Amino acid sequence: MIGGEHYLTPPARVEHSLGEMLEKTTGEIAFFSTGRDALFSLLASLPCRSIYLPDLVCASVHQACIAADKAVITYPLGPELFDEGHLDLQKAESSCLLAMHYFGVTNAPLLSRAKQAGITVISDVTHMLFNPRQLEQIAQGSDYLIASLRKSGAFPDGGFVSSCKEHLVQATLPMRERFFSLRAAGLLSRGFSAHNDFCDDENFRLLKTAEDVIDQSTPGAYQCSYLTRRLLFTVDLYTAALIINDNMQTLARNLNGICTTPCQPGFASPYFCCFFRNRKERDFVRTQLAARQYFCPVHWDTAQLPTPSPLSERCLSIPCDARYNSHDMQAIVSVIESCIKK
């Protein structure tokens with residue numbers, strides 16, 4: 001009978017949760033189904049005719065800008081993931097700027113220059129949610145924050161827009177039920193499979209189908225699920241941040257001289273960035289890590305974008321979130337060392 005089913009026991013609410021921190025740190029906040037839905041909804045509400053994007057950016061970000069009918073102007077990033085001061089903002093009337101604070105690397109100088117030029121500043125803080133102090137600084141230096149939540153925990157869906165200064169557009173469409181359902185089932189299946197050496201690939205099929213569903217969809221003001229909004233209050237922010245920071249320091253210390261990275265000790269990002277010498281070397285390392293159950297995304301493959309970034313050919317994002325420990329980081333280092341020596 002509907003309403004009388006058995007249910008899974010949810011994790012308990014914790015003190016100092018990720019959800020509590022977001023409410024206290026980022027100002028007014030509006031949740032959406034995905035990060036691209038959040039960005040699209042924000043841009044559709046703004047009068048700016050064009051938007052400055054870094055050349056190293058996810059295709060979903062570019063998709064949201066085009067869907068919101070904004071002209072895209074790209075600016076190049078250097079290997080430290082800063083714009084290096086080459087972006088001319090003095091002629092940027094009726095424009096807004098998206099600053100990506102990759103891997104916890106804050107791009108504060110760019111925010112300052114944009115504000116001096118009178119440009120609306122949007123900061124993508126997807127990689128900064130475990131750094132409350134830096135997140136608060138970025139919030140104060142920006143007009144708006146946006147983020148995708150799926151990089152920070154086992155959330156079936158979720159993205160947000162927030163602002164300490166401006167009123168926000170709200171989600172007006174229902175949740176993306178198919179995307180959410182596939183993701184929720186895939187994440188649960190993945191939890192069981194991961195504890196049994198990934199004996200079944202059901203989770204991969206479900207999660208891959210979910211990504212295909214969202215990639216083929218048009219961005220819109222879709223709501224975030226109730227489940228994700230509750231799960232935010234089950235993530236212990238400070239415990240996770242300590243683990244992540246320790247993992248990042250282990251990688252930074254042991255990969256020094258093997259690959260280059262813009263990541264800085266003291267920042268807790270769920271991913272550690274490595275730049276390899278070329279795409280072939282990067283892809284070989286990625287394949288070898290996957291064979292040992294360390295699955296690394298590429299942030300970001302820009303080959304299909306109008307202005308591809310040369311950095312995307314060499315960049316690999318190593319997961320170092322609170323699921324992992326120092327033993328995992330040492331294992332990852334060993335794999336990368338053996339790949340580079342071959």
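This structure is a prediction, so every number in the text was calculated from the model and none was measured.
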Main-chain N/O of [Y] paired to [X] side chain as donor or acceptor, under 3.5 Å:
| X | Y | result |
| --- | --- | --- |
| Asp246 | Leu242 | no |
| Thr234 | Pro11 | no |
| Thr25 | Leu22 | no |
| Lys165 | Ser142 | yes |
| Asn247 | Cys320 | yes |
| Ser163 | Asp143 | yes |
| Lys115 | Val121 | no |
| Asn131 | Ala268 | yes |
| Thr261 | Cys273 | yes |
| Ser189 | Ala185 | no |

For atom [atom1] of [X], decide whether the heavy atoms of other residues, nucleotides or ligands shown that lie under 6.0 angstrom number more than 12.
| X | atom1 | answer |
| --- | --- | --- |
| Glu211 | CD | yes |
| Arg178 | CZ | no |
| Lys280 | NZ | no |

Check whether any side-chain heavy atom of [X] sits under 4.5 Å from a side-chain heavy atom of [Y], and report yes or no.
| X | Y | result |
| --- | --- | --- |
| Glu313 | Arg282 | no |
| Arg292 | Val335 | yes |
| Leu39 | Cys65 | yes |
| Cys274 | Leu255 | yes |
| Phe82 | Val105 | yes |
| Cys224 | Phe32 | no |
| Ser33 | Gln223 | no |
| Pro319 | Tyr271 | yes |

When clusters are formed by joining ILVMFWY residues with side-chain heavy atoms under 4.5 Å apart, either directly or through shared neighbours, do [X] and [Y] land in the same one?
| X | Y | answer |
| --- | --- | --- |
| Val14 | Val235 | no |
| Phe179 | Leu206 | yes |
| Leu182 | Phe180 | no |
| Ile119 | Val57 | yes |
| Phe233 | Tyr238 | yes |

Is it true that Phe295 and Phe204 have ring centroids separated by less than 6.0 Å?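 Yes, ring centres under 6.0 Å apart.
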
Less than 4.0 Å between a side-chain N and a carboxylate O, is that true for [Y] and [X]?
| X | Y | result |
| --- | --- | --- |
| Arg49 | Asp69 | no |
| Asp201 | Arg190 | no |
| Arg314 | Asp283 | no |
| Glu20 | Arg13 | no |
| Lys151 | Asp321 | no |
| Arg176 | Asp37 | yes |

Could you walk me through whether Asp55 and Tyr75 pass the side chain to side chain contact (heavy atoms under 4.5 Å, CB included) test, one step at a time? CA-CA 6 Å; Asp55 59 353; Tyr75 59 92; over 6 Å; no

What is the distance from atom [atom1] of [X] to atom [atom2] of [Y], rounded to the nearest 0.5 Å?
| X | Y | atom1 | atom2 | result |
| --- | --- | --- | --- | --- |
| Ile51 | Leu98 | CD1 | CG | 5.0 Å |
| Leu149 | Thr126 | CG | OG1 | 8.0 Å |
| Arg183 | Ile214 | CZ | CD1 | 10.0 Å |
| Leu53 | Leu97 | CG | CG | 8.5 Å |
| Glu202 | Leu188 | CD | CG | 9.0 Å |
| Thr260 | Arg277 | OG1 | CZ | 11.0 Å |

Which pair of heavy atoms, one from Arg113 and one from Asp83, lies closest together, and at what distance?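 For Arg113 and Asp83, the tightest heavy-atom pair comes out as NH1-OD2, 2.7 Å.
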
Atom of Leu77, atom of Pro54 and distance for their closest heavy-atom approach: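 So the minimum-distance heavy-atom pair works out to CD1-CB, 3.7 Å.
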
Strictly by modelled atom types, are [X] and [Y] linked by a side-chain donor-acceptor pair under 3.5 Å?
| X | Y | value |
| --- | --- | --- |
| His101 | Thr106 | no |
| Thr228 | Ser225 | yes |
| Asn245 | Gln249 | yes |
| Tyr294 | Asp328 | yes |
| Ser50 | Ser95 | yes |

Please walk me through it: do Asn325 and Ile243 pass side chain to side chain contact (heavy atoms under 4.5 Å, CB included)? CA-CA 7 Å; Asn325 56 34; Ile243 296 171; 5.8 Å; no

With under 30° as parallel and over 60° as perpendicular, where do the rings of His127 and Phe103 fit, or are they tilted in between?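 Tilted.
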
If you apply the rule side chain to side chain contact (heavy atoms under 4.5 Å, CB included), what do you find for Ser123 with Tyr144, and how did you get there? CA-CA 6 Å; Ser123 280; Tyr144 302 95; over 6 Å; no

Is there a salt bridge (charged side-chain N to carboxylate O under 4.0 Å, His left out) between Arg279 and Asp301? Walk through the geometry before answering. CA-CA 11 Å; Arg279 188 185 191 111; Asp301 189 346; 3.3 Å; yes

Candidate pair Val161 and Val169, rule side chain to side chain contact (heavy atoms under 4.5 Å, CB included), full reasoning: CA-CA 8 Å; Val161 178; Val169 62; 5.6 Å; no

